[in-house]
Amino acid sequence: MLRILTVENFALIENVTVEFGAGLNILTGETGAGKSILIEALGAVLGNKIGASKIRKGADYLSVKAFFSNGLKIFRKVSRTGKNSITVDGKPITLATLKKICADLVDVHGQNKNLELLREEKIYALIDDEKILCELKSFQRIYRELSSKRRTLEKKLSARAENLERLEFLRWQEREINSARLKPDEDEKLNAEIKKLSHAEKIAENVQESAQILNDGDFDILAGLARVAKNLDDVARYDDKLNSARKLLEDASINLREAYEEIRDYADGLDFSPEQLDELQARADVIFKLKQKYGASVNEILERLEKIRGEIKAAENFDSDVEDLQKNISELEHQTEICAEKLLKLRQASAKKLSASIELEIRRLGMERAQFEIVVARAEKFSVNGGDTADILFCANVGEEKLSLSNVVSGGELSRISLAIKTVSQNSAATMIFDEIDAGIGGVTAKIVAECLFKISRGRQVLCITHLPQIASMADVHLQISKSEVDGRTITKVKKIDDDERVKEIARMASGNESIASIKNASEMISSAKNFFSNIDGQDE
């Protein structure tokens, strides 16, 4: 429930704080006094677009603050410099977020808002109860999966020719790699062998010289070590202090002998030929060309080959995948049809029940012969809302055909239909605002509209702008809006009026003056309203 609204520098409003109450809050005043401006200011904190043009002349900004009974505090500021801000409980938010927050707090009904009744999604919002919404979720889950599968199938079918071309290309790639008969790490081994053969002469020279130094040449290290060993053996016959040196020398001799034999065997196995080098380099060229296409190493090329084979398998299974997808779609279509039919029947039952209740309220609002029907019919194709369409048919006069509400209803009739719907519907916000609900009505109908508004306000807070005394007399809280001139400037004021002031205001609304007769008439209207209150309260008990 909206408790307090503070408006500053908004059009004719300089600075106004309005305290609203529970039940029916009535806003009255002369035409042009600023009633709609106050509602427009409230719309600013509900997420409506507000520009700098609404800033009061001479001010740098406008601001609107709203305090709700649940503790929520909304503040919005619009500046001429463009530095605008929106906060909820002191935290900055976006305009889109503000709209979402307030969507369930306040429900605004004016002539423009009433036109929303004509939109199909609003009709569904009326008839879709908890059971229908649960069924709708099941339908939407299947429908979205069906839509996704259909898109996948469409892409596959359109890519059929492309798939054949790709399959041929993949097979060509597989043949090209296979023809090379690559082995893991082959490129590393090949490079090492080419490096070796490219320096064959240097290798042979170094190996030969090393062997000669150890045993076969002028140095003959091994022969020298043998002589040293013999000499130390002779010394040991007289002194054993060089025995450890003799042992080290023996170990060195063994190691050098093994090294010499390994070098000699390597030299014996050397077999360098230009033809072999040419063959290796030709092989390296083959691998190099494959690396340019498929990977930086032989191992990467082999990995790519496995991927190509996987892609070939997938491409070869294309027709099988299409067939499986088509079967899956057929099953989903069947499930969708079943779910849509169930949803249709639930909606038709709900629409029939709701139509009867709304038609009864419409007739009470002065259209005694009116016919109202929410029609839910099977659609030609499915949508995210189901497999049906919804429309409201209406006829105000006997003997006429019921036609779509958008084609036959006037603005005043639409206001009353909207009121009837809100009287019956339980899907309403905690606070409801009716702007010009009384357009085009009067007399007995005005009294009935007033009673409907009062009934609605028993379960929620209602704010209503009206020019009709019959409606104003029903107020729990009566707010008088007026404008005056102060220092050469026009300002709008809002005042909560007491019982005596209410009598005068209602008298003015009824006859345009405060004569004895009009005052008496106004008092009788208020007294009649109080009797109606008592009867309603008694029924509730």
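- Ion pairing between a basic and an acidic side chain is recognised when a charged N comes within 4.0 Å of a carboxylate O; Arg166 and Glu311 show such pairing.
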Determine whether Ser350 and Asp129 satisfy the following criterion, side chain to side chain donor-acceptor pair (under 3.5 Å), listing intermediate values before the conclusion.
CA-CA 8 Å; Ser350 176; Asp129 56 23; 4.6 Å; no
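- Residues passing the side chain to side chain donor-acceptor pair (under 3.5 Å) test with Glu341 are Arg378, sequence neighbours excluded.
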Let me check something: any side-chain donor-acceptor pairs from residues 222-240 under 3.5 Å, sequence neighbours excluded? List them with distances.
residue, atom, partner, partner atom, Å
Asn231, ND2, Arg227, O, 3.3
Asp233, OD1, Arg246, NE, 2.7
Asp239, OD1, Lys241, N, 3.2

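- Using a cut-off of 4.0 Å between Lys/Arg side-chain N and Asp/Glu carboxylate O, Glu186 and Arg283 are scored as salt-bridged.
- Scanning for side chain to side chain donor-acceptor pair (under 3.5 Å) contacts around Glu188 gives an empty result, with sequence neighbours left out.
- Residue-environment remark: CD (Glu162) stays at or below the threshold of 12 foreign heavy atoms within 6.0 Å.
- Lys422 has a carboxylate O that lies under 4.0 Å from a charged side-chain N of Asp107, or vice versa, which qualifies the two as a salt bridge.
- Heavy atoms of other residues, nucleotides or ligands lying less than 6.0 angstrom from CD of Glu262 number 12 at most.
- Residue-environment remark: CD (Gln281) exceeds the threshold of 12 foreign heavy atoms within 6.0 Å.
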Tell me, with the steps shown, if Tyr294 and Glu303 meet side chain to side chain donor-acceptor pair (under 3.5 Å).
CA-CA 9 Å; Tyr294 303 108; Glu303 289 175 5; over 6 Å; no
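- With sequence neighbours left out, Lys65 forms a side chain to side chain contact (heavy atoms under 4.5 Å, CB included) with Thr6, Phe67, Phe75.
- Between the side chains of Arg309 and Asn178, a donor-acceptor pair is found at a separation under 3.5 Å.
- Between Asp251 and Lys247, at least one side-chain N (NZ, or NE/NH1/NH2) sits under 4.0 Å from a carboxylate O, which counts as a salt bridge.
- For the residue pair Gln461 and Thr431, a side-chain donor N or O sits within less than 3.5 Å of a side-chain acceptor on the partner.
- The existence of a salt bridge linking Glu331 and Lys327 is excluded, since no basic side-chain nitrogen approaches an acidic carboxylate oxygen closer than 4.0 Å.
- With no hydrogens or angles considered, a side-chain donor-acceptor pair links Tyr61 and Glu8 at under 3.5 Å.
- Residues meeting the side chain to side chain donor-acceptor pair (under 3.5 Å) test with Ser383, sequence neighbours left out: none.
- Of the possible polar contacts, one joining the Thr336 side chain to the Leu332 backbone as a donor-acceptor pair under 3.5 Å is found.
- With hydrogens and angles left out, the side-chain atoms of Ser79 and Asn84 include no donor and acceptor closer than 3.5 Å.
- Atom CD of Glu130 is surrounded by 12 or fewer heavy atoms from other residues, nucleotides or ligands within 6.0 Å.
- Scanning for side chain to side chain donor-acceptor pair (under 3.5 Å) contacts around Asn299 gives Asp185, with sequence neighbours left out.
- Environment of NZ in Lys291: crowded, with over 12 heavy atoms of neighbouring residues, nucleotides or ligands closer than 6.0 Å.
- In this structure a side-chain-to-backbone donor-acceptor pair under 3.5 Å is missing from Ser253 to Leu249.
- If you check the side chains of Asp388 and Tyr124, you find a donor sitting under 3.5 Å from an acceptor.
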